[in-house]
Amino acid sequence: MRWITRFLQLFETSKSDSHADPQPDTSGPPTPQQIQHLFRDIHDAQIHELNAAGKTVKLFYIRSLVDVEQVQSDIVLPILHGSTEQNGQKIISDDFVQIKTLSQAEEQILQGGILVFYENGHVCAVNKKNNLGRSIDTSEQEAIVYGPKDSLSEQLEESLTLIRRRLPVPILKSKKFEIGSLSKTCVVLLYMEGIANPEFVRIAEEKTTDIDFDVFFDSAHISAFMEDHVYSVFPQFQQTDRPDVLASALSSGKVVWLVDNTPFALVAPVTFFDLFQSPEDYIHRWMVSSFLRGLRFIAFMLALVLTPSYVAVTIHHYQMIPLEMLFVLMESRSQIPFTPFWEALFMLLTLEILKEASLRMPVKSGQTLGIVGGIVIGQAAVQAGIASNILIIFIAISAIASFLVPNYLMTNASKLVQFVFLILAAWLGMWGIGFGLIWLLIHLHGLTSLRQPYFGAISPFLRQRLERYLCPSADVRHEDTSRLPENVSAISCFQKEDMMHSDESSPDLFKISKPIDPMSWAFLINRLQTLYYILFFPNALTEPSMLWFILLAAVCSHLNIWLLANWLHRKELPAGYGGTLRLFGGAAMWLFSLAGLLIVLVKCAVLLLGYVEIVHQILFPSLNPKVFAVLLLVACFYLARLGMEQTLRFGIVVFIGTIWVVAFYVPFLFPSKADYYHLLPVMPEWNPPHAWNAFITMWTAFAGPEYLLVLSKRAVIDQRFKTSLLIGNALTTIEYLFFCVIALLFYGSEYLRRLDLPVVQLIRYIQLPFAERLEMIVIPAYALSVIYVVAILMLYTTGAIRILTGASRRPSGRKGVWPAFVLLLVTTLTVQHWVWANEAEKDRSIEWHSWLDASTYFALPILLLIATFLIKKRGTLHAANHPAD
């Protein structure tokens with residue numbers, strides 16, 4: 001029976017096909033019958049027959065898409081009243097198109113055209129599009145007090161006119177695209193030829209043409225298809241409806257997308273700092289503008305951490321609150337049945353509901369709801385004992401601070417991040433907030449906009465761009481606009497210098513596209529040397545005369561770094577892994593990799609567990625230390641997966657994120673807290689065992705730059721490379737001297753010998769009007785240095801594993817970090833379980849690690865001498881003869 005059923009199905013299908021509507025013939029000019037068939041069942045499709053001098057002329061159009069008055073005045077009347085010689089073809093229009101095919105006729109009709117059919121078979125289309133839209137109005141999203149008041153509209157041509165009026169130069173180029181198989185949305189790409197980097201334009205065109213979807217009704221829909229990181233909550237395109245902002249972006253070398261039927265345009269590439277700019281920044285005096293822009297960054301941070309800090313302090317760190325404030329807080333929370341986390345979560349969700357409701361309601365009702373709802377609900381929550389009045393104040397400040405950010409998309413992103421910080425604060429207190437901020441910095445550092453770094457101006461460090469961010473109107477005031485070609489060339493070169501080539505589809509972990517900037521090298525050396533040792537190392541330098549050992553270790557380290565910089569800058573240095581392999585041989589490279597892998601594993605384990613012990617001892621004695629070790633390694637993996645180039649550039653962010661700690665200790669240099677007699681005697685006394693231990697401690701603290709020996713030559717720049725490394729070593733020396741001096745000034749030699757973690761203990765004597773026990777903030781800050789260094793060592797571990805397994809010739813993607821992460825995790829947890837649990841074994845492992853670091857740093861010049869001897873002996877290994885990694 002199955003074959004009978006199948007036969008009946010085929011018969012019914014063929015029968016239905018025979019009765020289906022015949023497909024119109026698309027060859028040659030269309031006929032009125034074909035057009036009527038194509039646009040059937042459309043109630044406002046109109047067809048008119050006109051008799052012009054004995055000739056019949058037919059018009060077809062869709063009434064809702066055309067301007068009926070223009071149809072009457074520019075088409076119907078000229079045809080009806082034309083002379084016999086004109087034969088009914090007198091039409092007033094500048095947009096007159098001859099129609100050859102049915103698809104061309106369909107396109108013209110849907111774009112607001114009128115088809116004109118003549119008796120001789122000719123068909124033409126006249127564009128009389130109905131330009132229905134609102135008039136030019138002020139911007140509601142980016143309102144300003146001074147400056148232009150116009151904004152873009154939904155009409156693409158009007159928006160383009162507003163921009164061209166501000167930039168009336170022929171170098172403003174525009175390219176038109178049509179996207180959306182159903183919406184047929186028109187998109188115009190704008191850029192300034194000679195100012196915009198051609199690579200930016202190429203990438204923008206490539207991303208626009210690659211869009212494949214049915215409908216697009218807003219520019220945000222388009223940006224979702226062009227973003228480099230679709231899973232990030234932070235905007236990678238700037239959306240604005242202000243033509244002055246777009247003109248400024250174009251003149252600075254960016255590209256702009258105008259989208260039909262939406263007043264918001266897209267700008268790229270943008271940085272994180274671009275989204276905090278306001279058009280008024282270039283109207284105020286530069287000092288006022290700099291202050292207001294700094295205020296926005298502070299407000300953004302307050303919006304993120306203020307409410308989570310309340311939760312962290314009230315749950316985990318009551319000791320941070322001054323006694324007077326603690327009484328007020330306890331009285332405020334005495335009748336509240338919820339924990340601070342649920343209290344804050346409930347009030348934050350209530351606030352977001354009120355904000356969303358005020359946005360969706362009519363304007364006047366929304367304002368009333370926002371004011372009355374906020375006051376009534378907040379007061380009722382306090383009186384009912386659901387929330388404390390201090391929490392209400394913190395949430396109100398956070399909400400107001402979030403509105404200082406000019407970009408609405410960035411404000412929305414901060415809302416979600418705030419809830420994540422709230423969970424971390426309830427779980428891990430201030431350390432959780434610090435960990436969340438570190439994760440946020442790594443995430444922002446890894447983002448790109450149009451394949452350009454999201455943290456541009458800081459990472460990579462670009463002095464000119466940073467000056468524009470810090471002094472918004474200074475560059476405008478001093479800019480010479482009388483010589484346009486020279487200015488155009490200068491801006492173009494600046495954009496090309498900033499260009500970062502990245503391939504998101506298959507990144508190579510060890511590929512370095514361009515040399516690392518000097519500031520990154522200086523801060524890399526500084527963070528490699530300081531780490532968290534700075535929190536406890538004054539225990540080994542308990543005499544004033546031992547300050548000379550810091551200088552002695554610094555001079556020796558200076559010499560090592562000078563030799564290292566000269567080695568990496570040598571022209572005959574073997575380039576890449578292949579050159580190094582030919583220099584030392586396969587067996588030697590295998591042994592070097594194995595030894596280096598073991599050293600790195602030991603260093604990472606001791607480094608992580610040493611920091612975790614400080615966190616466990618000071619912040620969370622009751623929490624399992626393995627939790628902190630795992631979280632730190634996960635953050636290291638998240639940074640290392642960005643690749644060697646991005647990880648090295650992160651050094652600037654790490655330096656800025658930790659150097660501010662020094663400001664807390666400055667008061668200990670002044671007589672109110674310092675006793676200068678503790679610095680006597682300055683001249684050293686002969687005490688060989690004690691002096692030797694002090695020198696070894698300082699030599700270990702200065703170790704770390706030897707790991708740069710295996711970097712690719714592409715990361716090395718000109719003579720500034722050597723200077724940068726030496727500057728980093730000098731910064732470390734100043735930092736160590738500073739902390740040793742203040743420890744001696746405050747404690748004195750006798751008391752300093754009996755202290756553990758003297759730098760941490762020292763900051764407990766700093767009391768701010770609103771906070772005490774600032775070590776709860778300082779210790780989480782130093783996690784940034786630990787994560788940074790371990791991430792670099794994790795990449796080294798990945799390279800060693802690839803060499804040992806014979807996979808070094810193949811490109812390594814982000815998944816290549818997984819084996820190193822697992823190996824480091826197993827090693828750290830094993831050492832923590834079998835070694836760190838025993839106090840004697842722990843001290844022995846720390847001492848062994850110190851001697852290992854000191855030995856590797858001491859062996860650096862010896863290795864360089866051996867390599868130099870081999871190069872001279874095998875003088876065939878010139879770098880130019882071998883391809884670089």
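Every heavy atom of this structure was used, including side-chain atoms; hydrogens, water molecules and symmetry mates were not.
- For the atom pair CG (L409) and CG (L275), the distance works out to 8.5 Å, reported to the nearest 0.5 Å.
- Using a 4.5 Å cut-off on side-chain heavy atoms (C-beta onward), N127 and V97 make no contact.
- Of all the heavy atoms in N407 and P235, the pair that sits closest is OD1-CG, 4.1 Å.
- At least one side-chain heavy atom of I62 sits less than 4.5 Å from a side-chain heavy atom of I109.
- Panel note: side chain S290, backbone M287; no donor-acceptor pair is recorded below 3.5 Å.
- By the side-chain contact (heavy atoms from CB on, under 4.5 Å) test, L444 is found to be paired with F234, F272, L440, L447, Y454, F455, residues two or more places apart in sequence or in another chain being considered.
- With sequence neighbours excluded, no residue satisfies ring-ring contact (aromatic ring centres under 6.0 Å, His included) with Y191.
- Contact annotation: the side chain of V187 never approaches that of F216 to less than 4.5 Å [non-hydrogen atoms, C-beta and beyond].
- In this structure the side chain of L441 reaches within 4.5 angstrom of the side chain of F650, judged on heavy atoms.
- Contacts of Q277 classified as side-chain contact (heavy atoms from CB on, under 4.5 Å), with partners at least two apart in sequence or in another chain: D274, D281, Y282, R293, Y469.
- Taking all atoms of both residues into account, the shortest heavy-atom contact from C186 to L156 is SG-CD2, 3.5 Å.
- In plain terms, the two heavy atoms of A125 and I99 that are nearest each other are CB-CD1, 3.7 Å.
- Put simply, the side chain of S251 gets close to the backbone of A247: a donor and an acceptor are under 3.5 Å apart.
- Residues M192 and V169 meet the side-chain proximity criterion, which asks for heavy atoms closer than 4.5 Å.
- Using a 4.5 Å heavy-atom threshold, the side chains of L424 and P308 count as separate.
- Here the side chain of K149 pairs a donor or acceptor atom with the backbone of I144 at under 3.5 angstrom.
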Return all side-chain donor-acceptor pairs below 3.5 angstrom for residues 208-215, not counting sequence neighbours, or 'none' if the list is empty.
residue, atom, partner, partner atom, Å
T208, OG1, A204, O, 2.7
T208, OG1, W257, NE1, 2.9
T209, OG1, E205, O, 2.9
T209, OG1, E206, O, 3.1
D214, OD1, S181, OG, 3.0

Intermediate values then yes/no, side chain to side chain contact (heavy atoms under 4.5 Å, CB included), I298 and L404: CA-CA 10 Å; I298 296 174; L404 265 69; over 6 Å; no

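- Note on residues 157-172: pairs passing salt bridge (charged side-chain N to carboxylate O under 4.0 Å, His left out), not counting sequence neighbours, are D150-R166.
- Note that the NZ atom of K128 and the OH atom of Y61 stand 13.0 Å from one another [nearest 0.5 Å].
- No side-chain donor-acceptor contact under 3.5 Å links H284 and Y146.
- S289 contributes no side-chain N or O that, together with a main-chain N or O of W286, makes up a donor-acceptor pair within less than 3.5 Å.
- Other residues, nucleotides and ligands contribute at most 12 non-hydrogen atoms within 6.0 Å of the CZ atom of F291.
- Checked by atom type and distance alone, the side chain of E280 never pairs as donor or acceptor with a backbone atom of S278 at under 3.5 Å.
- Pairing each heavy atom of S449 with each of A268, the nearest pair is OG-CB, 4.1 Å.
- Taking the side-chain contact (heavy atoms from CB on, under 4.5 Å) definition, one finds that T307 meets it with A344, L348, L391, I395, S398, Q418, L422, sequence neighbours left out.
- S151 meets the side-chain contact (heavy atoms from CB on, under 4.5 Å) test with S139, D241; sequence neighbours excluded.
- L189 pairs in a side-chain contact (heavy atoms from CB on, under 4.5 Å) with only one of the listed residues (V255, L258, V256), which is V255.
- Of the possible polar contacts, one joining the Q104 side chain to the Q98 backbone as a donor-acceptor pair under 3.5 Å is found.
- Checked by atom type and distance alone, the side chain of R649 never pairs as donor or acceptor with a backbone atom of H445 at under 3.5 Å.
- I35 places a side-chain heavy atom less than 4.5 Å from the side chain of L102.
- With hydrogens and angles disregarded, no donor-acceptor distance shorter than 3.5 Å links the side chain of Q646 to the backbone of G446.
- A salt bridge (charged side-chain N to carboxylate O under 4.0 Å, His left out) check over residues 407-421, counting only residues at least two apart or in different chains, returns the pairs E352-K415.
- Residues satisfying the side chain to side chain donor-acceptor pair (under 3.5 Å) test with Q239, not counting sequence neighbours, are S219.
- Nearest heavy-atom pair across L110 and F39 is CD2-CE2, 3.9 Å.
- Evaluation of the salt bridge (charged side-chain N to carboxylate O under 4.0 Å, His left out) rule for K173 yields E193 as partners, not counting sequence neighbours.
- Of the possible polar contacts, one joining the K207 side chain to the M226 backbone as a donor-acceptor pair under 3.5 Å is found.
- Taking T185 as the reference, S183 meet the side chain to side chain donor-acceptor pair (under 3.5 Å) condition, with sequence neighbours excluded.
- Side-chain atoms of S402 come within 3.5 Å of backbone atoms of A399 as a donor-acceptor pair (strictly under, hydrogens ignored).
- To the nearest 0.5 angstrom, L190 atom CG is 5.5 Å from I163 atom CD1.
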Report the C-alpha distance between D218 and H221 in whole Å, list the side-chain angles of each, state the deciding distance to 0.1 Å, and finish with yes or no for side chain to side chain contact (heavy atoms under 4.5 Å, CB included). CA-CA 6 Å; D218 191 76; H221 302 163; 4.1 Å; yes

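- With a 4.5 Å cut-off on side-chain heavy atoms, L345 and L349 count as touching.
- Sorted by first and then second residue, the salt bridge (charged side-chain N to carboxylate O under 4.0 Å, His left out) pairs with a member in residues 260-269 form an empty list; sequence neighbours excluded.
- For the atom pair CZ (F297) and CG (L292), the distance works out to 12.5 Å, reported to the nearest 0.5 Å.
- Note that the CG atom of L162 and the CG atom of L246 stand 9.5 Å from one another [nearest 0.5 Å].
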Using the rule given for side chain to side chain contact (heavy atoms under 4.5 Å, CB included), can you reason through F237 versus E227, listing the C-alpha separation, both sets of side-chain angles and the distance that settles it, and then say yes or no? CA-CA 8 Å; F237 287 80; E227 290 178 342; 4.0 Å; yes

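- E69 CD: 12 or fewer foreign heavy atoms inside a 6.0 Å radius.
- In plain terms, the two heavy atoms of L152 and S159 that are nearest each other are CB-OG, 3.6 Å.
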